[in-house]
Amino acid sequence: MTANGWFQLAFYMVALLVLAKPLGEYMARVFDNRPCGLDRILGPVERLIYRLSGVRQDQEMTWKSYAFAMLAFNFAGLLAVYLLQRVQSLLPWNPAGMGAVVPHSAWNTAVSFASNTNWQNYGGETTLSYLTQMLGLTVQNFVSAATGIAVLLALIRGFVRSSTDKIGNFWVDMVRATLFVLLPLALILALALASQGVVQTVSPYFKATLLEPLSGAEGATITDQTIAVGPAASQIAIKQLGTNGGGFFNVNSAHPFENPTPLSNLLELLAILLIPAALCFSFGALVKDARKGWALFVAMLVLF
């Protein structure tokens, strides 16, 4: 390994730590329902969501109710993503005319995105419409990541609390994780990626004329090439921040429209470990012992 390689690794780890510690402390304030700096902007939105959905913010759940709410929510999301893929040919925002995804592939994709494994057995630019990518996969990248954060919060409360059977409210944890953490970070990262050339458009695929025609199958002459585009930056941002798979294009971040520059590569590498690293410091803050947060971070760093 070269000196430059060691320098890049060291720079990455320092940058990750510099970003993770304040983010972890911010998330601890968010989930402890303390002022976090975005309350004036996002507080009314949060309260409106609770009012429309019938959620009482002060009503906590037992572990059984929490687990049932989490499983029911994610199963409903699984069915929604499956159905969206099966009927995408009938829906708008499908400029490439993608047909219905075959049942076994649609089910595999729905299960993997609902469970945050995001294993892909399809090529996004040849299989899924813009609507399916945005409404199905991008949304699942948010809520499956928020579900993971919510389960961690329930676990932390189980450690901390000893005189109650309540471990918080799943719906509140889900909303706050999405609204105060994932959405702001994803907005910042999506804009940064778009500035580097990651595509973000709902325009149809482009046709490019080849400088030199090619011979195709059975002697046919090929004179143009289809260049796939789409609303990629918004999906890539939460793909990385939520430690998801599920890139917009088949080869994910190896595609130049998902990751075109060294800076975009650094941002995506930082994003994929940022929230897991920050949650170590959130843990320390929430259990009122910063040393435990540092112990988790160091253990993860050694394994890394």
- Would you check, one step at a time, whether the test side chain to side chain contact (heavy atoms under 4.5 Å, CB included) holds for Leu23 with Leu274? CA-CA 8 Å; Leu23 177 61; Leu274 178 58; 3.6 Å; yes
- Query: Glu46 and Arg51: salt bridge (charged side-chain N to carboxylate O under 4.0 Å, His left out), yes or no, with the steps?
  - Reply: CA-CA 9 Å; Glu46 180 189 16; Arg51 191 176 302 116; over 6 Å; no
- Message: Please evaluate residues Asn33 and Gln57 with respect to the criterion side chain to side chain contact (heavy atoms under 4.5 Å, CB included), reporting the C-alpha separation (whole Å), side-chain torsions for both, the decisive distance (0.1 Å), and the verdict.
- Response: CA-CA 10 Å; Asn33 204 21; Gln57 189 174 359; 3.9 Å; yes
- Task: Take Tyr205 and Glu125 through the side chain to side chain contact (heavy atoms under 4.5 Å, CB included) test and state the conclusion after the steps.
- Result: CA-CA 9 Å; Tyr205 291 178; Glu125 68 268 48; 3.8 Å; yes
- Message: Using the rule given for side chain to side chain contact (heavy atoms under 4.5 Å, CB included), can you reason through Phe31 versus Val181, listing the C-alpha separation, both sets of side-chain angles and the distance that settles it, and then say yes or no?
- Response: CA-CA 10 Å; Phe31 298 123; Val181 179; 4.1 Å; yes
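The structure places CG of Leu241 at 10.5 Å from CG of Asn141, a figure rounded to the nearest 0.5 Å. The line from CD1 of Ile275 to CG of Leu152 is 12.0 Å long, rounded to the nearest 0.5 Å. Phe249 contributes atom CZ, which lies 9.5 Å from atom CD of Gln235 (distance to the nearest 0.5 angstrom). Distance CE/Met13 to CG/Leu9: 7.0 Å, rounded to 0.5 Å. Going from atom OG of Ser234 over to atom CG of Leu187 covers 10.5 Å, rounded to the nearest 0.5 Å. The CE atom of Met98 lies 7.5 Å from the CD atom of Gln88; values are rounded to the nearest 0.5 Å.
The aromatic rings of Tyr66 and Phe170 sit perpendicular, their planes meeting at an angle over 60°, well past the 30° parallel limit. The aromatic rings of Phe257 and His255 are tilted relative to each other, their planes meeting at an angle between 30° and 60°.
Using modelled atom types, one finds no donor on one side chain facing an acceptor on the other under 3.5 Å when comparing Thr209 with Asp224. Side-chain contact, Thr226 with Lys207: a donor N or O sits under 3.5 Å from an acceptor N or O. Judged purely by distance below 3.5 Å, without hydrogens or angles, the side chains of Asn259 and Ser264 pair a donor atom with an acceptor atom. Between the side chains of Asn250 and Gln120, no donor-acceptor pair of N or O atoms lies under 3.5 Å.
Under a 3.5 Å cut-off, the side chain of Asn252 and the backbone N or O of Gly247 do form a donor-acceptor pair. The backbone N or O of Met61 sits nowhere less than 3.5 Å from a side-chain atom of Ser65 that would complete a donor-acceptor pair. Formation of a donor-acceptor pair under 3.5 Å by the Ser105 side chain with backbone atoms of Val102 is not found in this model. Of the possible polar contacts, one joining the Arg161 side chain to the Lys166 backbone as a donor-acceptor pair under 3.5 Å is found. Remark: the backbone N or O of Thr261 is not paired with any side-chain donor or acceptor of Gln196 at under 3.5 angstrom. Checked by atom type and distance alone, the side chain of Ser112 pairs as donor or acceptor with a backbone atom of Trp119 at under 3.5 Å. Side-chain atoms of Arg86 do not come within 3.5 Å of backbone N or O of Ala106 as any donor-acceptor pair. Side-chain atoms of Gln225 do not come within 3.5 Å of backbone N or O of Ala208 as any donor-acceptor pair. Glu258 places no side-chain N or O within 3.5 Å of a backbone atom of Ala254 that could act as its donor or acceptor partner. Looking only at distances, no side-chain donor or acceptor of Asn4 sits under 3.5 Å from a matching main-chain atom of Thr2.
Across all non-hydrogen atoms, the minimal contact from Pro213 to Thr221 is CB-CG2, 3.8 Å. The heavy-atom pair separating Asn244 from Ser144 by the smallest distance is OD1-OG, 3.5 Å. When all heavy atoms of Ser282 and Ala28 are compared, the closest pair comes out as OG-N, 3.9 Å. Shortest non-hydrogen contact noted between Thr178 and Pro184 is O-CD, 4.3 Å. Pairing each heavy atom of Phe142 with each of Ala186, the nearest pair is CZ-CB, 3.8 Å. In plain terms, the two heavy atoms of Pro260 and Gly197 that are nearest each other are CG-C, 3.9 Å.
Side-chain contact check for Leu91 versus Leu84: some heavy-atom pair is nearer than 4.5 Å. A heavy-atom distance below 4.5 Å is not found between the side chains of Trp63 and Asp165. Taking 4.5 Å as the limit, every side-chain heavy atom of Leu185 sits out of range of all side-chain heavy atoms of Phe180. Between Pro231 and Trp93, every side-chain heavy-atom pair lies at or beyond the 4.5 Å cut-off. No side-chain heavy atom of Phe248 sits less than 4.5 Å from a side-chain heavy atom of Lys239. A heavy-atom distance below 4.5 Å is found between the side chains of Phe281 and Leu17. Thr132 is listed as a side-chain neighbour of Ser129, based on a closest heavy-atom distance under 4.5 Å. For the pair Tyr12/Gln8, no side-chain contact is recorded, criterion being any heavy-atom separation below 4.5 Å from C-beta on.
With Thr109 as the partner, the side-chain contact (heavy atoms from CB on, under 4.5 Å) test is satisfied by one option alone out of Leu137, Val101, Asn118, Thr127: Leu137.
When the side chains of ILVMFWY residues are joined at heavy-atom separations under 4.5 Å, either directly or via intervening members, Val198 and Leu191 end up in two distinct hydrophobic clusters. Linking ILVMFWY side-chain heavy atoms closer than 4.5 Å, directly or via other members, places Ile188 and Leu270 in two distinct hydrophobic clusters. Hydrophobic cluster membership differs between Phe283 and Met300, with clusters built from Ile, Leu, Val, Met, Phe, Trp and Tyr side chains linked at under 4.5 angstrom. Cluster annotation: Ile41 is connected to Tyr50 through the hydrophobic network of ILVMFWY side chains, with a link wherever side-chain heavy atoms come within less than 4.5 Å. Side-chain heavy atoms closer than 4.5 Å link hydrophobic residues (I, L, V, M, F, W, Y) into clusters, and following such links, possibly through other members, connects Tyr130 to Leu193.
Enclosure of atom CZ in Arg34 by more than 12 non-hydrogen atoms of other residues, nucleotides or ligands within 6.0 angstrom is indicated. The local environment of CZ in Phe11 is sparse, with at most 12 non-hydrogen atoms from other residues, nucleotides or ligands closer than 6.0 Å. Shown here is Phe68, whose CZ atom has no more than 12 heavy atoms of other residues, nucleotides or ligands within 6.0 Å.
Between Asp173 and Arg157 there is a salt bridge, since a side-chain N of the basic residue sits under 4.0 Å from a carboxylate O of the acidic one. Of the charged side-chain nitrogens involved, none lies within less than 4.0 Å of a carboxylate oxygen, so that Asp32 and Arg29 do not count as a salt-bridged pair.
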